[in-house]
Asker: 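Quick one: this structure, given as structure tokens, is what I'll be asking you about.
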Amino acid sequence: MKRVLGNWAGSVHIALTLVALPFTVRASGFCKSINTRASSVCTLSSVSMSSATHIKARCTVYPGSDKQRFPVPDDKVSWATVWPEYSPVNYTALSVLNNPAWADPDIGSFSPRFNALDGSVDRQSHEGDYIIQDGRPLNPRGRTGVNGRGLLGRWGPNHAADPIVTRWKRDSAGQRVSHAVSKQPMLEFVSIKRKDCGEWAIPGGMVDPGELVSLSLQREFSEEALNALEASPQERKKIHERISQLFSSPGFQVYKGYVDDPRNTDNSWMETVAVNFHDETGDSISELPLQAGDDAAQVSWCDVDSSQPLFASHSDFLQAVAEERHAHW
């Protein structure tokens with residue numbers, strides 16, 4: 001089914017060249033509060049993220065396991081800092097070691113071409129060339145307290161695409177809603193609740209080998225926020241039409257680079273291209289009913305607000321969108 005979707009997505013001409021269990025939940029209404037390969041031709045410039053954002057990649061316990069990371073203080077993160085006592089925990093999840101199609105073999109059983117396009121697998125980093133030590137790539141942002149691949153499939157960069165779909169928050173009369181304190185108009189974005197960690201996030205996912213990031217953005221949004229994999233042919237056609245309308249508009253490339261992700265290790269890390277597609281009038285994607293699918297447990301339109309805790313670096317992405325569109329944050 002994914003190949004079918006890929007075919008119809010490939011027909012869409014986009015002005016842009018540029019993260020599962022069988023569980024589906026319908027969600028509607030508004031989320032008031034959440035508790036818990038190429039360059040682009042985007043019309044708006046993207047923002048950069050500070051190299052200091054390497055916090056979640058040093059969380060005490062590696063996600064999905066009982067593995068305690070070797071503690072890495074701020075002044076020992078950089079590889080340039082000599083630290084002979086450093087003894088990271090070695091961990092690669094069984095789901096990765098079982099050699100699924102999306103994962104690399106173990107080092108020694110194959111010879112990847114790091115810092116290059118390795119067949120259809122892009123092992124180039126948005127951060128530039130990374131160091132190879134003892135046959136393994138080193139995280140460009142420094143030590144994490146864990147070596148191996150953890151939950152990630154690829155040695156080195158694991159490329160993702162994060163489509164940030166927004167609209168203006170409106171009242172029952174169709175007028176924009178402004179925040180009571182900032183007095184700025186409020187945005188809403190499509191958010192999913194991830195099955196793996198229970199955190200709310202932008203509905204992104206991994207870029208398939210050989211796939212253009214522009215198509216990954218469409219595919220991931222369709223699968224996670226609209227449940228396109230389970231849709232009937234008639235529903236898929238409707239989804240295709242709405243997605244085409246929104247994703248054919250110029251997008252704002254919010255970020256391109258390393259992601260401070262709790263799954264990162266010394267040898268495997270997440271990178272993404274995050275792009276904002278804005279439904280200015282509210283008559284495009286806004287008219288489609290949201291339905292969670294693939295890696296999402298729930299999906300909803302949620303307020304863009306600094307008080308909402310989100311997965312990985314997604315709060316930074318939304319702050320950049322709010323600033324670019326002169327909206328409340």
Asker: Measuring from atom NZ of Lys193 to atom CD of Gln298, what distance do you get when rounded to the nearest 0.5 angstrom?
Answerer: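 One finds 5.0 Å between NZ of Lys193 and CD of Gln298.
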Asker: For Gln124 and Pro157, work out which heavy atoms get closest and say how close.
Answerer: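 Heavy atoms of Gln124 and Pro157 come nearest at O-CG, 3.6 Å.
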Asker: Answer with yes or no whether the side chains of Tyr255 and Asn276 bring together a donor and an acceptor at under 3.5 Å.
Answerer: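 The criterion, which ignores hydrogens and geometry beyond distance, is not satisfied for Tyr255 and Asn276.
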Asker: Under 3.5 Å, side chain of Thr265 to main-chain N/O of Asn267, donor-acceptor pair present?
Answerer: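 Yes; at least one donor-acceptor contact below 3.5 Å.
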Asker: Give a yes or no on whether the backbone of His328 and the side-chain of Ser182 come within a donor-acceptor separation of less than 3.5 Å.
Answerer: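 No; zero donor-acceptor contacts below 3.5 Å.
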Asker: Evaluate salt bridge (Lys or Arg N to Asp or Glu O under 4.0 Å) for Lys56 paired with Asp260, printing each intermediate quantity in order.
Answerer: CA-CA 6 Å; Lys56 294 185 178 182; Asp260 184 23; over 6 Å; no
Asker: For the residue pair Leu151 and Tyr62, establish whether any side-chain heavy-atom pair is separated by less than 4.5 Å.
Answerer: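 Counting from C-beta outward, Leu151 and Tyr62 do come under 4.5 Å.
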Asker: Would you compute the distance between atom CG of Asp122 and atom CG of Asn158 and round it to the nearest 0.5 angstrom?
Answerer: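 So the gap between those two atoms works out to 11.0 Å.
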Asker: Quick check on the hydrophobic clustering: are Val77 and Leu138 connected, directly or via other members, by side-chain heavy-atom contacts under 4.5 Å?
Answerer: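 Hydrophobic grouping puts Val77 with Leu138.
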Asker: Check step by step if side-chain contact (heavy atoms from CB on, under 4.5 Å) holds for Trp200 and His314.
Answerer: CA-CA 9 Å; Trp200 287 85; His314 293 187; over 6 Å; no
Asker: Does Val72 reach the side chain of Trp83, with side-chain heavy atoms less than 4.5 Å apart?
Answerer: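 Yes. Closest side-chain heavy atoms under 4.5 Å.
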Asker: Between Asp266 and Arg143, does any NZ, NE, NH1 or NH2 come within less than 4.0 Å of an OD or OE carboxylate oxygen?
Answerer: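 No, this pair does not count.
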Asker: Ser191 and Ala201: which non-hydrogen atoms are nearest, and at how many Å?
Answerer: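 Looking at all heavy atoms of both residues, the closest pair is OG-O, 3.2 Å.
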Asker: Between Asp66 and Val61, does a side-chain contact (heavy atoms from CB on, under 4.5 Å) hold up when you go through it step by step?
Answerer: CA-CA 6 Å; Asp66 59 358; Val61 180; 5.5 Å; no
Asker: Can you tell me how far apart OG (Ser313) and CG (Leu318) are? Round to the nearest 0.5 Å.
Answerer: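 If we round to the nearest 0.5 Å, Ser313:OG and Leu318:CG are 11.5 Å apart.
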Asker: Would you kindly confirm whether Leu310 and Leu187 end up in one hydrophobic cluster when ILVMFWY residues are joined by side chain heavy atoms under 4.5 Å apart?
Answerer: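 Shared cluster, yes.
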Asker: Treating Trp79 as the side-chain partner and Asn139 as the backbone partner, does any N or O pair qualify as donor plus acceptor under 3.5 Å?
Answerer: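 Side chain of Trp79 to backbone of Asn139: a pair is present.
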Asker: Say whether Asp305 and Ser307, considering side chains only, have a donor N or O and an acceptor N or O under 3.5 Å apart.
Answerer: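 Yes - a donor-acceptor pair under 3.5 Å links their side chains.
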Asker: Checking side-chain contact (heavy atoms from CB on, under 4.5 Å) for the pair Phe114/Ile131: CA distance, chi angles, key distance, verdict?
Answerer: CA-CA 9 Å; Phe114 291 122; Ile131 298 170; over 6 Å; no
Asker: Mind checking whether Arg325 and Phe252 have side chains closer than 4.5 Å, heavy atoms only?
Answerer: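 Contact flag for Arg325/Phe252 side chains = yes.
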Asker: Any idea which heavy atoms bring Pro137 and Trp155 closest together, and the distance?
Answerer: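 Reported closest heavy-atom pair: CG-C, 4.0 Å.
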Asker: One pair to check against side chain to side chain donor-acceptor pair (under 3.5 Å): Glu271 and Ser125. What are the steps and the verdict?
Answerer: CA-CA 8 Å; Glu271 298 191 9; Ser125 170; 2.5 Å; yes
Asker: Below 3.5 Å, can you tabulate the donor-acceptor pairs from side chains in residues 90-98 to any protein atom, sequence neighbours excluded?
Answerer:
residue	atom	partner	partner atom	Å
Thr92	OG1	Arg149	N	3.1
Asn98	ND2	Leu94	O	3.3

Asker: To the nearest 0.5 Å, what is the distance between OG1 on Thr281 and CG on Asp279?
Answerer: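 Atom-to-atom, Thr281:OG1 and Asp279:CG are 5.0 Å apart.
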Asker: Please answer whether the main-chain N or O of Ala320 pairs with a side-chain N or O of Glu323 as donor and acceptor at a distance below 3.5 Å.
Answerer: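 Side chain of Glu323 to backbone of Ala320, a donor-acceptor pair under 3.5 Å: no, none is there.
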Asker: Side chains of Ile107 and Pro112: closer than 4.5 Å at any heavy-atom pair?
Answerer: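 In short, these two side chains touch, coming nearer than 4.5 Å.
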Asker: Is it the case that the side chain of Ser109 and the backbone of Asp106 share a donor-acceptor pair, with hydrogens and angles ignored and the cut-off at 3.5 Å?
Answerer: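 Looks like yes, one N/O pair under 3.5 Å.
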Asker: Does Asp261 come within less than 4.0 Å of Arg263, counting only side-chain N to carboxylate O?
Answerer: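 Yes.
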Asker: With Arg154, which residues qualify under salt bridge (charged side-chain N to carboxylate O under 4.0 Å, His left out), at least two apart?
Answerer: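 So Arg154 forms a salt bridge (charged side-chain N to carboxylate O under 4.0 Å, His left out) with Asp104.
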Asker: Rounded to the nearest 0.5 Å, what's the gap from OG on Ser315 to CD1 on Ile202? Could you check?
Answerer: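 Atom-to-atom, Ser315:OG and Ile202:CD1 are 8.5 Å apart.
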Asker: Does Gln253 form a side-chain contact (heavy atoms from CB on, under 4.5 Å) with Val273? I'd like the steps, not just the answer.
Answerer: CA-CA 7 Å; Gln253 182 174 296; Val273 175; 4.2 Å; yes
Asker: Between the main-chain N or O of Ala173 and the side-chain N or O of Asp171, is there a donor-acceptor pair closer than 3.5 Å?
Answerer: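 Yes.
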Asker: Verify, without hydrogens or angle tests, whether Asn264 (side chain) and Ala57 (backbone) share a donor-acceptor contact under 3.5 angstrom.
Answerer: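 Answer holds: no.
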Asker: Would you sort out whether Asp162 and Thr272 count as a side chain to side chain donor-acceptor pair (under 3.5 Å), showing the intermediate values?
Answerer: CA-CA 7 Å; Asp162 289 315; Thr272 197; 2.8 Å; yes
Asker: Would you name the heavy atoms of Pro185 and Arg176 that are closest together and state the gap between them?
Answerer: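 Result for this residue pair: CB-CD, 4.4 Å.
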Asker: With rounding to the nearest 0.5 angstrom, report the OG1 to NE2 distance, Thr144 to His54.
Answerer: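 Thr144 atom OG1 to His54 atom NE2 measures 6.0 Å (nearest 0.5 Å).
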Asker: With a 4.5 Å limit on heavy-atom distance, are the side chains of Lys67 and Val146 in contact?
Answerer: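 The answer is no, as the side chains (C-beta and beyond) never meet within the 4.5 Å cut-off.
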Asker: Has the side chain of Arg69 got a donor or acceptor atom that lies under 3.5 Å from a matching backbone atom of Cys59?
Answerer: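 Present.
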Asker: Determine whether a donor-acceptor pair (N or O, by modelled atom type, separation under 3.5 Å) exists between the side chain of Glu211 and the backbone of Asp208.
Answerer: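 Yes; at least one donor-acceptor contact below 3.5 Å.
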Asker: Check Asp74 with Arg58, please: is the shortest side-chain N to carboxylate O separation under 4.0 Å?
Answerer: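 Yes, this pair counts.
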Asker: Please check if the side chain of Glu127 supplies one atom and the backbone of Tyr258 the other of a donor-acceptor pair under 3.5 Å.
Answerer: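 Yes; judged by distance alone, with no hydrogens or angles, the pair exists.
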Asker: Does the side chain of Glu280 come within less than 4.5 Å of Arg167's, by heavy atoms?
Answerer: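 The answer is no; the side chains never approach within 4.5 Å.
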Asker: Can you give me the closest heavy-atom contact between Cys197 and Phe311, atom names plus distance?
Answerer: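 Residues Cys197 and Phe311, closest heavy atoms: SG-CD1, 3.8 Å.
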Asker: Report yes if the distance between the aromatic ring centroids of Tyr130 and Trp269 is under 6.0 Å, otherwise no.
Answerer: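 So the answer is yes for these two rings.
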Asker: Between Glu188 and Arg170, does any side-chain N to carboxylate O distance fall below 4.0 Å?
Answerer: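 Salt bridge: no.
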Asker: For residues His278 and Trp168, establish whether the separation of their ring centroids is below 6.0 Å.
Answerer: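 Under 6.0 Å, so yes.
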Asker: Are the side chains of Asp303 and His179 in contact, using a 4.5 Å heavy-atom criterion?
Answerer: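 Sidechains of Asp303 and His179: no contact.
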Asker: For residues Ile164 and Val254, determine if any side-chain heavy atom of one lies less than 4.5 Å from a side-chain heavy atom of the other.
Answerer: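 A side-chain contact under 4.5 Å exists here.
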Asker: Give a yes or no on whether a salt bridge exists between Arg194 and Glu199, defined as a side-chain N under 4.0 angstrom from a carboxylate O.
Answerer: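 Salt bridge: no.
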Asker: Compare every heavy atom of Trp329 with every heavy atom of Ala322, then report the nearest pair and how far apart it is.
Answerer: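 Result for this residue pair: CB-CB, 3.9 Å.
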